[in-house]
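Only one structure is covered here, and it is reproduced in the block below.
Start at 1 and go down the list; that is how both ligands and their atoms are numbered. For reference, positions follow the sequence shown, starting with 1.
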Amino acid sequence: MTINMNDIVGTHDILFVTLDTLRYDVAKLEEENCPNLCGTGGWEKRHTPGSFTYAAHHAFFGGFLPTPANTDKASHIRLFHSKNTGLQTNPNTWLFDTPDIVSGLAKEGYRTICIGGVIFFTKKVPLAKVLPSYFQESYWRQTFGVTNPRSTEHQVNHALKLIGSADPDQRLFLFTNVSAIHGPNHYFVPGAKRDSVDTQRAALRYVDGQLGRLFEAMRARGKTFCIVSSDHGTAYGEDGYHGHRLAHEVVWNVPYREFIL
Ligand SMILES: [Zn+2]
């Protein structure tokens with residue numbers, strides 16, 4: 001199904017969820033165990049524009065979402081594109097005349113909200129205020145962060161409070177950076193001492209279980225266009241590599257889905 005973003009913007013709420021650090025191979029392995037994320041289809045394999053959170057999210061907010069992992073880049077229809085660049089754009093692409101999609105959607109009347117997760121969203125130091133500052137409202141609590149084993153539950157609870165009191169007539173652009181899949185995630189497997197593919201799989205199952213409530217709350221408000229993507233993967237020792245902010249296929253391949261709730 002081809003999405004025409006010009007039919008979405010203005011009529012639909014938009015929910016953008018980044019599953020921070022989720023590897024493509026891990027997401028595929030857990031498709032059957034993720035009824036909320038994969039109830040209407042499986043993950044698409046995409047290439048991320050950034051190898052770590054800061055780079056990837058700047059690109060996303062600039063309208064550069066992950067691109068299909070194939071050699072036919074010309075066939076990819078972008079959801080968002082800056083207006084008046086001189087480049088040819090597809091009629092299904094929504095054009096924004098602001099520096100980024102967040103302020104572009106605000107200009108269309110959207111209320112823009114960021115619920116932060118990993119360190120680049122904590123607002124504790126100036127650098128960690130940059131990504132949240134794209135939004136009219138941004139929230140971060142210690143309980144939303146990577147060290148809390150119930151972080152997604154806390155993030156979703158906060159979102160539900162905001163959604164519950166939101167004006168039903170104003171469209172929402174709700175962005176959430178889910179931190180649970182990022183390291184440390186070993187505590188999702190009892191007894192595990194180190195992060196691994198297995199512990200990341202367990203973290204993803206936990207996250208899927210929590211996102212159902214968020215999707216329900218958005219459905220109750222009306223039509224929602226949902227984008228779910230990882231920002232980058234991570235290496236667990238492949239070819240000697242550990243972590244991300246490096247170029248390896250376990251980092252640049254990411255799972256991506258878009259669907260109407
Ligand atoms: Zn990240």
- Apart from L246 itself, what residues make up its hydrophobic cluster, given side-chain heavy atom links below 4.5 Å? Y241, V250, V251
Between side-chain atoms of residues 119-132 and protein atoms elsewhere (two or more places apart, or another chain), which donor-acceptor pairs fall under 3.5 Å?
from, atom 1, to, atom 2, distance (Å)
T122, OG1, I119, O, 3.1
T122, OG1, K124, N, 3.4
K123, NZ, S138, O, 2.9
K123, NZ, S138, OG, 2.8
K124, NZ, Q142, OE1, 3.1

- Message: Taking 2.8 Å as the distance threshold, tell me the number of protein N/O/S atoms next to the Zn ion (ligand 1).
- Response: 5
- Task: Look at the side-chain heavy atoms of Ile, Leu, Val, Met, Phe, Trp and Tyr, link any pair under 4.5 Å apart, and say whether F60 and L95 land in one connected group.
- Result: no
- Verify, without hydrogens or angle tests, whether D20 (side chain) and H182 (backbone) share a donor-acceptor contact under 3.5 angstrom. no
- Task: Please check if I113 and W140 belong to a single hydrophobic cluster, counting links between Ile, Leu, Val, Met, Phe, Trp and Tyr side chain heavy atoms closer than 4.5 Å.
- Result: yes
- Residues joined to V189 in its hydrophobic cluster, side chain to side chain under 4.5 Å directly or through other members, sorted by chain and number, are none
